Amino acid sequence: MDLKRDKYLNDLMNRMHNGMIKVVTGIRRSGKSYLLFHIFRNYLLEQGIPKSHIIAIELDQRKNRQYRDPDVILDYIESLMKDKEPYYIILDEVQMLREFEEVLNSLLHIRNADIYVTGSNSKFLSKDVITEFRGRGDEIHIYPFTFKEFMEAYEGDIYHGWAEYVVYGGLPLTVTMKTEEQKVNYLTNLFQETYLRDIMERYHIEKVQELEDLINILASAVGSLTNPSKIEATFRSVIQSEISLNTIRQYMEYLEDAFLINKANRYNVKGRKYIGTPLKYYFEDVGLRNARLGFRQVEETHLMENIVFNELRSRGFSVDVGVVEKREKNAEGKIEKKQLEIDFIANLGSRRYYIQSAFHMATEEKRLQEKASLISVNDSFKKIILVKDVVNVTRDEVGITTMSIFDFLLKENSLEL
């Protein structure tokens, strides 16, 4: 199956010859190697770039093991560069190259070299990898399939596709698998044998059970406010573990650095400031989250929220959880403060959107509940409620737009509908 990743191809095209190392990061099996070695390489050939000017080395291949030596690979690349025309250097699994930071910085000094690299273990997936190149690295983060990408490869209608996506997520290989058993085994083994193993080996983790318990707690709490202190209390009361608060914080950072989870900070809209904790955590892929829990807690409401968060991130937005303070009278007639939550505040440059993931709004009470926080925001930025129901895009008298999750996910300009 020929899988398209047009967004990431455009990202690469827009960065060609910018004098920086293009670093493709992303969770394991998200399609980094396929993007560079198939999609981007084919694009270069279609543009008339000679094959001899595309130097592509897969460092995880046994036949290429000699190129894991920094001096050998530098000599080899320089020997292939016969003229002053542009050369495209593509290195896969670059973390297998000894002293890879020095090698890449050396390649930057070759004027007609345009450099692209990818890597697939937690050392290379660390979010601070770009700092290794002293400001000369340009990161392209590749996500698992969005729902739109998934549907381009899925053979079926959007409703069956949604049911599949909510359970098994968007890792490209899952789309090609024919049976549920294949998908379950693939995702379960991938989490255990690849992601966890990478983290444990990198950080020499001895408390393996505690790490696994932490992941289970975070997976169960998707869409809920939490923090290390609350998690510590869960460890003590439910699991009877004496794991320290600092260890919990460290483990959570490891999971973030490996792109398994992402956090959404809380932002006080009226006060225009960030609130410390608690915050929310979401999984980079909902299929992996479900696999971690043995596919026993597939709550569509929380998973839809996770999918919306990932969609916004894949579109380039920074995403926070919004908090709005509202004053109202209590039963005794006294004025008291009440905090209302906005699921997401999405920011990109001068653009901002307030978004509620409501799933269903079957009753008037539910509609008023979902709108309350949005009505309390006194600015002109667009306010959107997403529902799973198939509805026409509508805008009410106070300016709140309601749209189907399918319109939001499948239409590129959906936030402007």
Side-chain angles (χ1 to χ4, degrees), residues 1-26 29-120 124 129-130 132-143 145 149 152-153 172-173 176:
M1 184 183 292
D2 192 20
L3 304 175
K4 295 181 179 180
R5 308 303 303 267
D6 290 342
K7 176 193 183 300
Y8 303 110
L9 175 59
N10 288 331
D11 287 343
L12 291 170
M13 290 161 54
N14 291 333
R15 288 166 169 80
M16 291 173 67
H17 309 292
N18 66 357
M20 303 176 79
I21 300 166
K22 273 64 72 175
V23 184
V24 180
T25 62
R29 305 294 188 268
S30 57
K32 300 181 300 297
S33 302
Y34 186 84
L35 173 66
L36 282 183
F37 279 75
H38 182 77
I39 297 175
F40 185 58
R41 186 175 183 276
N42 285 347
Y43 167 78
L44 293 176
L45 293 173
E46 290 169 1
Q47 299 305 303
I49 304 298
K51 287 184 180 180
S52 60
H53 284 60
I54 304 172
I55 303 172
I57 305 173
E58 296 173 279
L59 289 160
D60 62 331
Q61 297 291 319
R62 180 171 176 79
K63 64 182 180 181
N64 293 327
R65 64 188 182 280
Q66 70 270 29
Y67 300 124
R68 298 172 194 168
D69 181 290
D71 296 316
V72 172
I73 195 170
L74 284 172
D75 289 343
Y76 174 67
I77 290 172
E78 290 179 6
S79 72
L80 296 176
M81 301 180 70
K82 307 290 188 183
D83 53 48
K84 299 299 182 181
E85 295 299 313
Y87 282 79
Y88 299 86
I89 301 171
I90 303 173
L91 304 179
D92 193 33
E93 305 291 358
V94 76
Q95 80 284 340
M96 301 188 75
L97 169 61
R98 296 194 301 277
E99 301 171 14
F100 72 85
E101 299 93 342
E102 291 187 16
V103 172
L104 296 178
N105 279 318
S106 296
L107 292 174
L108 275 174
H109 293 287
I110 304 175
R111 290 183 178 275
N112 59 330
D114 200 19
I115 307 157
Y116 303 80
V117 303
T118 183
S120 289
F124 195 79
V129 66
I130 300 301
E132 297 286 357
F133 308 122
R134 301 167 191 168
R136 291 176 291 179
D138 195 350
E139 182 179 14
I140 299 165
H141 185 77
I142 184 169
Y143 290 85
F145 277 175
E149 290 176 313
E152 288 171 354
L173 267 181
T176 67

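Quick caveat: nothing in here was measured; it's all calculated off a predicted structure.
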**Q** Which heavy atom of I89 sits nearest a heavy atom of A113, and at what distance?
**A** CD1-CB, 3.8 Å

**Q** With rounding to the nearest 0.5 angstrom, report the CG to CG distance, D60 to D92.
**A**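 The CG atom of D92 is 6.0 Å from CG of D60, to the nearest 0.5 Å.
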
**Q** In Å and rounded to the nearest 0.5 Å, what is the CD to CG distance from E101 to L97?
**A** 9.0 Å

**Q** Evaluate Q47 against L44 for side chain to side chain contact (heavy atoms under 4.5 Å, CB included), listing each step before the verdict.
**A** CA-CA 5 Å; Q47 299 305 303; L44 293 176; 5.7 Å; no

**Q** Which atom names give the shortest non-hydrogen contact between K22 and M20, and what distance separates them?
**A** NZ-O, 2.9 Å

**Q** Can you measure from CG (N112) to NE2 (H53) and round to the nearest 0.5 angstrom?
**A** 8.0 Å

**Q** I'd like to know whether L45 forms a side chain to side chain contact (heavy atoms under 4.5 Å, CB included) with I54, so could you lay out the CA-CA distance, the side-chain angles of the two residues, the decisive distance to 0.1 Å, and finally the verdict.
**A** CA-CA 9 Å; L45 293 173; I54 304 172; 3.8 Å; yes

**Q** I'd like to know if the side chain of Y34 reaches the main chain of L3, judged simply by a donor and an acceptor atom lying under 3.5 Å from each other, with no hydrogens or angles considered.
**A** yes

**Q** Quick one: CD1 on I110 to CE on M81, what's the gap to the nearest 0.5 Å?
**A** 5.0 Å

**Q** Starting at CD1 of I49, measure out to CD of E85 and round the result to the nearest 0.5 Å.
**A** 9.0 Å

**Q** Taking all atoms of both residues into account, what is the closest heavy-atom pair of F37 and E58, and its distance?
**A**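 Between these two residues, the closest heavy atoms are CE2-CG, 3.4 Å.
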
**Q** Name each donor-acceptor pair under 3.5 Å that joins a side chain in residues 66-77 to protein atoms two or more places apart or in another chain, with its distance.
**A**
| from | atom 1 | to | atom 2 | distance (Å) |
| --- | --- | --- | --- | --- |
| R68 | NE | L59 | O | 2.9 |
| R68 | NH2 | L59 | O | 3.1 |
| D69 | OD1 | D71 | N | 2.9 |
| D69 | OD1 | V72 | N | 3.1 |
| D69 | OD2 | R98 | NH2 | 3.0 |

**Q** Can you tell me how far apart CG (L12) and CD1 (I90) are? Round to the nearest 0.5 Å.
**A**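 L12 atom CG to I90 atom CD1 measures 9.0 Å (nearest 0.5 Å).
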
**Q** What is the minimum heavy-atom distance between P172 and S30, and which atoms define it?
**A**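 Minimum heavy-atom separation between P172 and S30: CG-O, 3.7 Å.
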
**Q** Taking the side chain as C-beta and beyond, is there a heavy-atom pair between L91 and L104 under 4.5 Å?
**A** yes

**Q** So, do L9 and R5 sit near enough that their side-chain heavy atoms are less than 4.5 Å apart?
**A**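 No, their side chains stay 4.5 Å or more apart.
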
**Q** Which pair of non-hydrogen atoms, one from K82 and one from Y87, has the smallest distance, and what is that distance?
**A**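 Heavy-atom minimum between the residues: N-OH, 2.9 Å.
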
**Q** Does the ring center of Y8 lie less than 6.0 Å from the ring center of H141?
**A**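 Centroid separation for Y8 and H141: 6.0 Å or greater.
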
**Q** By ring pair (Phe, Tyr, Trp, His ring centres under 6.0 Å), which residues pair with F145, not counting sequence neighbours?
**A** none

**Q** Grab the two heavy atoms, one from M16 and one from Y116, that are nearest each other, plus how far apart they are.
**A**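 Scanning both residues completely, I find the closest heavy atoms to be CG-OH, 3.3 Å.
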
